[in-house]
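Presented below is the structure to which this report refers.
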There are 2 protein chains.
Amino acid sequence: MTQARRGPRERMVFSAAQLIRRQGVTATGMREVAAHADAPRGSLQHYFPGGKEQLVNEAVAWAGRYAGKRVDRFLAGLDRPTPSGLFAAMAAQWADEYAADGFAAGCPVAAATVDCATSGDSTRNAAATAFATWRGPVAEALTDMGVPPSRAESLATLMISALEGAILMARAERDVRSLTTVVKELGPLLDAATGP
Amino acid sequence: MTQARRGPRERMVFSAAQLIRRQGVTATGMREVAAHADAPRGSLQHYFPGGKEQLVNEAVAWAGRYAGKRVDRFLAGLDRPTPSGLFAAMAAQWADEYAADGFAAGCPVAAATVDCATSGDSTRNAAATAFATWRGPVAEALTDMGVPPSRAESLATLMISALEGAILMARAERDVRSLTTVVKELGPLLDAATGP
DNA sequence: CGGCTACTATGACCGCTGTCATAGTCGACC
DNA sequence: GGTCGACTATGACAGCGGTCATAGTAGCCG
């Protein structure tokens with residue numbers, strides 16, 4: 001999944017995303033990113049002349065693309081695609097990670113939003129497009145399942161909102177209960193939208 | 001609402017919460033908190049011998065209590081209390097603030113979770129109890145409205161999750177659309193739970 | 001070989017952070 | 001008055017932050 005055989009630049013973006021989703025943006029240092037990526041420190045200013053802001057923005061954008069691609073993966077994994085099934089798969093990815101590796105990490109986009117929405121306008125913008133990049137495939141998948149296009153965007157927003165909030169609570173409580181709860185409660189509502 | 005006539009200690013906790021919800025925990029400095037509270041710097045180590053961690057934890061706890069009390073306020077403001085009405089009021093508080101004062105601030109509990117869930121265990125714990133302090137009154141209100149106790153906790157979790165996520169997206173996109181969307185989509189589901 | 005570009009390697013700078021140490025002020029109480 | 005406690009006021013410290021400057025290496029091209 002995470003090929004070590006990638007350019008140092010890409011590795012640094014990836015490492016930045018990993019560290020950001022664990023510690024937040026401000027608490028993540030540039031030197032730390034380089035060390036985590038096994039990349040030379042001098043490459044930072046070479047690949048990211050825009051400084052930390054650029055690196056963070058690219059990490060956020062990467063996370064958005066990753067989340068969007070995952071949606072297609074989830075759809076391929078469902079033999080009988082339903083909205084609730086997709087949502088359950090999205091939440092299960094997080095629940096599985098938490099069960100396996102602990103509750104150390106959250107969503108990088110959320111971290112960037114919380115940490116930079118006020119100060120860094122470009123980062124805030126990167127987070128907005130990341131959410132859009134994520135929401136797009138979800139809404140598209142919903143319409144493919146029979147959800148009217150007018151509601152697909154709304155339901156996609158609801159799904160991502162509930163998921164992000166549940167991730168937050170799960171990390172705080174060190175318990176995946178919030179994730180399983182939102183899946184259980186939201187499932188029927190989502191599937192009901194596929195009817196005429 | 002925010003009486004300036006309070007002890008310096010309380011003012012500092014309040015200011016800490018305000019700054020944290022704007023900038024995050026790490027980006028908020030102790031000196032900055034003291035200045036924002038018009039409190040002497042020397043009082044920091046006097047009132048908070050536990051250092052920044054203690055101050056942050058108290059700010060998070062304060063936010064949790066505040067959110068819990070707001071629920072009762074919202075209920076008092078509704079002449080005909082319904083689950084969807086409560087949820088709409090909770091979201092409207094944020095939408096109104098964003099419309100009036102801009103999208104600078106988020107939820108302090110979310111900020112603390114994102115910033116300290118990995119590093120600071122005591123702060124993570126404070127965030128967990130803050131969520132519980134918030135969820136309690138919501139679930140209680142739902143049962144009072146006729147929601148079976150078995151589902152009340154689940155729906156309260158769903159409401160807070162969706163709200164937190166919508167806050168996140170609203171800040172990133174500088175648009176309250178996510179807030180209004182989750183209210184619209186989740187309302188019928190919530191009200192349907194009051195039936196037998 | 002010379003020259004050029006891509007990348008790496010360090011070291012230094014300044015600013016800010018949380019924390020500690022010390023001295024000072026103020027008011028109440030015996 | 002004298003003493004004690006609560007609170008305030010500064011200054012210093014050590015550490016880390018991002019960033020700039022400069023020098024170095026490697027490889028390709030002509």
Side-chain angles (χ1 to χ4, degrees), chain A residues 4-20 22-60 108 111-112 114-116 118-124 126, chain B residues 4-20 22-60 108 111-112 114-116 118-124 126:
Chain A
R5 276 292 160 266
R6 279 201 269 202
R9 210 197 114 103
E10 203 169 347
R11 283 208 319 270
M12 286 196 270
V13 173
F14 177 77
S15 289
Q18 298 301 319
L19 292 172
I20 287 171
R22 270 171 244 271
Q23 309 165 335
V25 173
T26 314
T28 298
M30 300 283 271
R31 294 166 172 82
E32 194 183 1
V33 171
H36 183 274
D38 270 329
R41 212 191 80 192
S43 300
L44 280 171
Q45 76 179 274
H46 183 256
Y47 288 117
F48 307 96
K52 186 177 188 177
E53 196 169 357
Q54 182 187 355
L55 176 58
V56 170
N57 293 359
E58 295 204 22
V60 170
V114 164
D115 238 355
C116 305
T118 305
S119 54
D121 203 55
S122 76
T123 303
R124 196 220 82 240
Chain B
R5 278 289 162 267
R6 280 202 267 204
R9 209 197 115 102
E10 203 168 346
R11 283 207 319 269
M12 285 196 269
V13 173
F14 177 79
S15 289
Q18 297 302 320
L19 292 172
I20 287 171
R22 268 172 245 268
Q23 311 167 333
V25 174
T26 313
T28 298
M30 300 282 272
R31 294 166 172 82
E32 194 183 1
V33 172
H36 182 275
D38 271 326
R41 213 189 81 194
S43 299
L44 280 170
Q45 71 181 278
H46 182 255
Y47 288 116
F48 308 97
K52 185 177 188 176
E53 195 170 354
Q54 181 187 355
L55 176 59
V56 171
N57 293 358
E58 295 203 22
V60 170
V114 163
D115 237 357
C116 305
T118 305
S119 55
D121 205 54
S122 77
T123 302
R124 197 218 82 241

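What you see below is based on every heavy atom in this structure, not just the backbone, and it leaves out hydrogens, waters and symmetry mates. Each chain gets a letter, A, B and so on, in the order its sequence line appears, and its residues count up from 1.
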Looking at DNA chain C, which of residues 46-53 of chain B put a heavy atom within less than 4.0 Å of it?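 Per residue number, the list reads B:G51, B:K52.
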Grab the [atom1]-[atom2] distance between [X] and [N] for me, whole Å please.
X	N	atom1	atom2	value
B:L44	D:dC7	CG	P	14 Å
B:D38	D:dA9	CG	P	11 Å
A:M30	D:dT19	CE	C1'	8 Å
A:L19	D:dG17	CG	C1'	15 Å

Set out, line by line, the N/O atom pairs under 3.5 Å between protein and nucleotides 10-14 of chain C.
unit_1, atom_1, unit_2, atom_2, d
C:dG11, N7, A:R41, NH2, 3.2
C:dG11, O6, A:R41, NH2, 2.4
C:dA12, N6, A:R31, NH2, 3.4

If I compare all heavy atoms of [X] with all of [Y], which pair ends up nearest, and what's the gap?
X	Y	value
B:V60	B:A112	CG2-CB, 3.5 Å
A:A34	A:L44	CB-CD1, 4.1 Å
B:H36	B:L19	CB-CD1, 3.9 Å
A:Q23	A:T28	OE1-OG1, 3.2 Å

Side chain to side chain contact (heavy atoms under 4.5 Å, CB included) assessment of B:M12 paired with B:F48: CA-CA 10 Å; B:M12 285 196 269; B:F48 308 97; 4.1 Å; yes
So what does B:T28 hit on the nucleic acid, given a heavy-atom distance under 4.0 Å: a base, only sugar-phosphate, or nothing?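 If one applies the 4.0 Å heavy-atom cut-off, B:T28 turns out to touch the sugar-phosphate alone, with no base involved.
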Is the shortest side-chain heavy-atom distance between B:S43 and B:R9 below 4.5 Å?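 A side-chain contact under 4.5 Å is absent here.
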Would you say that A:Y47 contacts A:V13 through its side chain, given a criterion of any heavy-atom pair below 4.5 Å between the two side chains?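 Of all side-chain heavy-atom pairs linking A:V13 with A:Y47, none is under 4.5 Å.
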Report the residues that fulfil salt bridge (Lys or Arg N to Asp or Glu O under 4.0 Å) with A:D38, sequence neighbours left out, ordered by chain and then residue number.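 Applying salt bridge (Lys or Arg N to Asp or Glu O under 4.0 Å) to A:D38 gives none.
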